[in-house]
**Q** 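First the structure, which I've put down as structure tokens, then a few questions once you've had a look.
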2 protein chains.
Amino acid sequence: MAAESRTEPGLRDRFRAQVRQEVKTAALRQLAEGGPEALSLNAIAKQVGMTGPALYRYFTNRDSLLTELVIDAYGDLASTLSHAADAGTTDPVARLTAVVEAYRAWALAEPHRYRLLFRAPLQGYDAQSTSLVEASQPAMKVVLEVVGALAKPGTAVAEGPAAQFREWMNHHEIVDVPEAVALRTTMLWAHLHGLVGLEIEGNFTSMGIDPVSLYESEVKDFVRSL
Amino acid sequence: MAAESRTEPGLRDRFRAQVRQEVKTAALRQLAEGGPEALSLNAIAKQVGMTGPALYRYFTNRDSLLTELVIDAYGDLASTLSHAADAGTTDPVARLTAVVEAYRAWALAEPHRYRLLFRAPLQGYDAQSTSLVEASQPAMKVVLEVVGALAKPGTAVAEGPAAQFREWMNHHEIVDVPEAVALRTTMLWAHLHGLVGLEIEGNFTSMGIDPVSLYESEVKDFVRSL
DNA sequence: TCGTGTTCGTGATAGGCTCTAACTAAAGCT
DNA sequence: AGCTTTAGTTAGAGCCTATCACGAACACGA
């Protein structure tokens, strides 16, 4: 079966993929204790049972490994949010609340990964930066879809300053959501970003603030703002 | 004048302080291009005209240099905000708007420093973390004071979950501000954190969103929420 | 004015890191 | 079978942080 053997993953490729995965989990484990600077290819290699240079067969770069972790994390976050959106009731507000809570929970459960997202691998190359921004969109999209159910089918048509934004929405196949609502959602997104960021860094506890009430207000305000 | 010579800065100390400052500015310059990982003590030393090890006479550590930069940045931010608050009119809303805009402007003008604040030197030692949180409070305080004028002298007394927060407020000499308003302000703070963070990383431009309108909404919503 | 102790900067060095290069061993394909 | 591609090795270049021991410059009291 020539045709089959050509399309099949290939035994070798599967091994390769598995090693890659093993390396990544080792990297995550190391990331959890010590932050992104502490991530050492040598140490990772030792952990998966090989010497340093061998890793370069699997990842071209230290940075490329890191950005791959970032992209994975974005994907994981997106699927977590999407799962939270579909799990409970169909009540729009409840769904939104669930998504917000899932966002927070994910960040609290794996702060190191969340930090990884929030501040990318810290070098600021434009090329990577845009690819990372792209990777962040699916998660954003989940929120937008949940919000879509909240908003009445608007008649607003792109015009003026929102035209570019509408274009972005079209490009990401977000329809039936008025720009105003989408803008609002972006703000919600940014707000969560900020709240979680502060909470992870311990600002709230140091101020004696209970974060839960903040998130509740957040959702309430958002719904009201529509 | 034994008393005088004892209390005076001392010629040597002043030189020392000046070198420290020079090192820090060189560090900032290097930080602006390449991020915190690229900050190399060797390179800094070369830039100020000495060899690597000499820096250890002035800073015990690479990390200690970084955290000092963070603390400086917080101070700078706080004074910028405070200046913005006192510059214009006495109209409370206008003052708040000015502060918000100053916050954003500062972050946009020096993204690398803002990043430094937002995600501390990336190692996560608890001891430093709390000291950094402490350093962030003065800036927060400026916002709270501006808001204080906005809020009617409330009669709210700490009770229940807000008690700890009230304690924190007392400790920072924030009086005449009801807890509810202070909480609201904390949220505003977090929101700005989130908006600026996304804007700096280029998310808004990549989505075709004009950030200015977001900040305007932010202030408007905040005022309404009181 | 002359020791004398403190401070500043140096080169040398240890130990770590990323990443390249040359080489060996093994696996897959024909 | 033999040939080719791949996975892993060791060696090493060139960085880095950080420590150490030493010499030079300075401040200061006698």
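Labels below follow one simple rule: chain letters A, B, ... track the order of the sequence lines, proteins then strands, and each chain is numbered from 1. Treat the numbers as computed from the prediction; the structure is a model and nothing was measured.
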**Q** Is A:D210 close to B:F165 at the side-chain level, that is, under 4.5 Å between some pair of heavy atoms?
**A** no
**Q** Which nucleotide, C:dT18, D:dT19, D:dT9, lies nearest any side-chain atom of A:L41?
**A** C:dT18
**Q** May I ask you to verify if any side-chain N or O of A:T51 is less than 4.0 angstrom from the OP1 or OP2 atom of D:dG8?
**A**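 It does not, given that no N or O in the side chain of A:T51 lies less than 4.0 Å from OP1 or OP2 of D:dG8.
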**Q** To the nearest Å, give me how far apart OH (A:Y56) and C1' (C:dT18) are.
**A**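 Taking atom C1' of C:dT18 as the reference, OH of A:Y56 is at 4 Å.
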**Q** Decide yes or no for A:W106 and A:D76: does some side-chain heavy atom of the first lie under 4.5 Å from some side-chain heavy atom of the second?
**A** yes
**Q** Take atom CG of A:L39 and atom P of C:dT18, then tell me their distance rounded to the nearest Å.
**A**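 So the CG-P distance, A:L39 to C:dT18, works out to 8 Å.
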**Q** Taking atom P of D:dA27 as reference, at what distance in whole Å does atom CZ of B:R14 sit?
**A**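 Taking CZ of B:R14 and P of D:dA27, I get 12 Å after rounding.
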**Q** Between B:W168 and A:F204, does the ring centroid distance fall short of 6.0 Å?
**A**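 Not close enough - the centres of the two rings lie 6.0 Å or further apart.
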**Q** What's B:L65 touching, base or sugar-phosphate or nothing? Going by heavy atoms closer than 4.0 Å.
**A**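 Nothing: the residue B:L65, judged by heavy atoms under 4.0 Å, touches no strand.
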**Q** Ignoring the backbone of A:R62, work out which of C:dT18, D:dA21, D:dA7 is nearest its side chain.
**A** C:dT18
**Q** For the pair made of CG in B:L55 and C1' in C:dG9, what is the distance, rounded to whole Å?
**A**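 Taking atom C1' of C:dG9 as the reference, CG of B:L55 is at 11 Å.
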**Q** Once you round it to whole Å, what is the distance between P of D:dT19 and CZ of B:F59?
**A**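 Value for this atom pair: 15 Å.
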**Q** Using the side-chain heavy atoms of B:A54, tell me which of these nucleotides is nearest: D:dT9, C:dG9, C:dT18.
**A** C:dG9
**Q** How many Å lie between CD on A:Q18 and C1' on D:dA7, as a whole number?
**A** 15 Å
**Q** When you check the phosphate oxygens OP1 and OP2 of C:dT18, does a side-chain N or O of A:N61 lie under 4.0 Å from one of them?
**A** no
**Q** Round to a whole Å and report the spacing from CD of A:E37 to C1' of D:dT17.
**A** 12 Å
**Q** Can you check whether B:N42 has a side-chain N or O nearer than 4.0 Å to OP1 or OP2 of D:dC15?
**A** no
**Q** Mapping B:V19 and A:R57 onto DNA chain C by nearest heavy atom, which one lands closer to the 5' end?
**A**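 With B:V19 and A:R57 compared, the 5'-side residue is B:V19.
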**Q** If you look at every strand shown and take non-hydrogen atoms under 4.0 Å, does B:Y58 touch a base, only sugar-phosphate, or nothing?
**A**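 Sugar-phosphate only.
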**Q** Take A:F15 and B:K46, find for each the nucleotide of DNA chain D with the closest heavy atom, and name the residue whose nucleotide sits nearer the 5' end.
**A**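 Of the two residues, A:F15 wins.
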**Q** How is B:I44 classified with respect to the nucleic acid when contacts are heavy atoms under 4.0 Å: base, sugar-phosphate, or nothing?
**A** nothing
**Q** Do the ring planes of B:H193 and B:Y103 sit parallel (below 30°), tilted (30 to 60°) or perpendicular (above 60°)?
**A**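 Taking B:Y103 first and then B:H193, their aromatic rings sit tilted (interplane angle of 30° to 60°).
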**Q** Quick check on DNA chain C: between B:R16 and B:P53, whose nearest nucleotide comes earlier from the 5' end?
**A** B:R16
**Q** Mind checking whether B:Y215 and A:M187 have side chains closer than 4.5 Å, heavy atoms only?
**A** no
**Q** Could you check how far CG of B:D13 sits from C1' of C:dT7, rounded to whole Å?
**A**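 Whole-Å distance recorded here is 11 Å.
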